[in-house]
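Written out below as structure tokens is the structure these notes cover.
In what follows, every chain begins at residue 1, and chains take the letters A, B, ... in the order their sequences are listed.
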Amino acid sequence: MSTYSPFLEVDRLSAAWDGLPVLRAVSFSIDPGEFVVLLGPNGSGKTTLLRCLAGLEKPTSGTIRLGGEDVTSLPTHRRGIGLMFQDPALFPHRTVYENIAYAPLLQRRTRSEVETEVDGLVSLLHLEGFEDRRPDQLSGGERQRVALARTLAARPRLVLLDEPFASIDVELKAELHAEFRQALRTRGTAAIHVTHDREEGLFLGDRVGLLFDGSLEVVGSPADVFEHPRSARAARFLGYNVLDGPSGPVAVRAEDLEIGGSIGGGPSAVVAAVGTLGRETLVILRTELGERLELRTVDPPDGFRPGAPVTVRWQRSVPLPREEASGASPGR
Amino acid sequence: MRRISGDAWSTGPVVAFVLAFALVPVAILFATAVREAGGWNAIGSILSSPLNAASINNSLVQGALSAVLAVALGYPAGIFFGRYSWPGRTVLRSLLIVPFLLPSLVVVLGILDLFGPGGLLLSSTPGLSFFGTGLPAIVAANLVFNIPIVILFTATGCESASVELEETVATLGGTPARAYREVWAGPTWVGAAVGGLLTFLFSALSFAPPLVLCGPRCYTVEARIWSLDQVFLDPTSAGVLALGLVLLFLLPTIAYLWLLSRLRTIPGRRPPARPRVSARDPVAVGLAAETAAVALGVGAVLASVIYRALQPTGGGGAGGAYGALFSSATTARLGISAFGMIGNSLFFATVAAMIAVLLGIPAGYAIARRPSRAGGLGLLLFLPLLLSPVVLAFSLANFWRPLLGGESTIWFLVIVSQSILAIPFALQSIEIPLAGLSPSVREAAETLGATPWGAFLDADLPRVREGLTTAGLFAFAIGLGEFTATYFLVTPQYTTLPVALYRLADARQFAVADADAGLLLLLSLAVFLALVLGGRRVDL
């Protein structure tokens, strides 16, 4: 009988800063070649988790197994795990070619192997013509491409991406998303990508995990994670409104929230702001309890003005566990 | 009519001040010396005369030896300060500036107290008397001043190295040694080179150590110029030698300024997270041990001064040296009471600091607005240091004393000389925070109707108040400890604590000199406390 053994297995990993817990018994696993995205707000422990995996921080407890080997105590340079930062951290005194060739040369590969490796990555990441430039002669997107090429040139067993697109403008970001996914898929390299951008995370991941306050709440397919929020804080992070329904707390999408009547048993609210998003109109409401609600509609009723009293209703909702919702603060 | 630009108003005052009180008098001094020497041919023979050539040789040997040893001993400790986090690091880093602020004579006295005749360490280890006189003693004194400087600059280089880049090297498979070579070695060695060059300049131009610890056979160029003018009454040869000194040290000074501009960290950059020292990290433990040994050595020299000052002396009990310092006998010997010396020291240093800060504000603002001018202005303001305090005082006395009307205006020249020596360091303390200021608040003030000057006063100046305080305290400490130029200029009624210290040491009144040195140490420590307790950091 064969036993399934994941490529990366993180078991009850915990970390603390000056005694304050930053990661709380995080466990998950990923398969070879898989692209997993960990989503979470700022300060949720995403970067610390990556740094522990890379060996740049020491966990207080727990184990990390990579390809069946326990790497928890291995120094960073022996783990075979590549890490890309938000800042591409290119060597400023080296050309693009030299940056990419850095790790193959460290690994004492032959000259022709290094050339083949670098040429392949230059082509894969569309860096032809930039080989002799220095980092200060590149745009932000080009620098990130070079950083990924440099990371992949080391032939890491796993690549960790720490919000590498955070400082890239929106149009270029979509293009880079596709290029990065394609490059990693072509090389068959598993990756963990952390971000606070839920759309980026849901778009990119084979699987998505939600990290809050150092705890990994769920890992699943993007559709499953988005369609079935497990808690009020997860629902709010994923863009849902959290309301008290007839049988307990529920999560309601902004486009499923409607104005008028009391069909859904929803609370009274006041229009706080109204604005257009192009095809849609965004309405911000504030309930009597001070909770912020978002409503998106393509057909806004007349008389929608800040200060106008309304009631809200909804046709579709996702039930949430009661205890989570009662303790959670209103979404803002 | 052509209007004077705002930048000219900013840099004009400080440039005019340095020109009027340093560069023009020095240029006239050099021209006069060359003319009176009988032209350029005669200069060669003056410079190559045995004693003058020996002084040049002494300067180079003492400078080079001190620089090499200071870098060898200071570099590991600088890495320890810049690379690791450990309890007391911040306070000790600030404490590093204290030896630099002290008059050289305090350190000289400390060397004598430890290794000189009857030195504290000689009863247990007689072999240490090797460090009590001659070249070893001079180099030891230079090291006490300059190792902390090398540590400071190396630590600054370390702090400017990118932690992200180091971590990237590790994730790409590079060993810690590789990460050091790739990321840390460059900036830390630039820092060490800056410290080494400054050590070379300070040591090659040192005055008190060769004078007190060795005598004429060890005289540096600086001491030889003083001797030619004040002892042999030969201002022409002194002027020619001063010109030779400037030419000789121009290149290392330019190299120092160039490296310093490379070293400066990006303003406003977040200090990198430092790993904590772990007992399991042999490199960190080794660096900690080396740092402790260096701190012990430097600390022992300074502590010996306090210890000796508090020892029973002659007819007095413990602290009797202080009684002697304030006695009428000392007043008669020096021509001024101890209270008078303290008053002079505080007055000169306070006014000099005010001048340095007032001139530094507009100059720092001009550099912050256009950093490309930092190099030229820096060189101009640093030139008086290159000219050395003796040459500065020599030229001030020659040019300004007759114009101002003799001895009654000496106090003015002392203040001017202390200001000029403090300006480069004060400017740096002002310039760095100004350069880190976001222009948005000033621009907002201008869009609300403020003039550029008004916007500067309302928006920028309040935000660099800490930098101004640091600059003021720093300049005050430099003035307080200044010995060479002041000694050259003053008559007894204007004697300061450092000048009295030299006169007392020269008269072999070591216990009273220790009491004087102890006072200076306390005043310097008070400045240091004011800097540290205010959460300020001083960089050279």
Measuring heavy-atom distances to chain B, does A/Tyr102 have an atom under 4.5 Å in its side chain, in its backbone, in both, or in neither? side chain

Between OG1 on residue B/Thr171 and CG on residue A/Leu56, distance to nearest 0.5 Å: 7.0 Å

Rounding to 0.5 Å, atoms CG (A/Leu106) and CD (B/Glu182) come to a distance of 8.0 Å

Please output the residues of residues 64-87 of chain A in contact with chain B, using a heavy-atom cutoff of under 4.5 Å, in numerical order. A/Thr76, A/His77, A/Ile81, A/Gly82, A/Leu83, A/Phe85

How far does CG of B/Leu172 sit from CG of A/Leu105, to the nearest 0.5 angstrom? 11.5 Å

Are there residues of residues 144-158 of chain A that reach to under 4.5 Å of chain B by heavy atoms, and which ones? A/Arg150, A/Thr151, A/Ala154

According to side chain to side chain donor-acceptor pair (under 3.5 Å), who are the partners of A/Thr47, at least two apart in sequence or on a separate chain? A/Asp162

Applying a strict 4.5 Å limit to non-hydrogen atoms, the region of A/Leu160 in contact with chain B is neither

Taking side chain to side chain contact (heavy atoms under 4.5 Å, CB included) as the test, write out the residues that go with B/Thr291, two or more places apart. B/Ala77, B/Phe80, B/Phe81

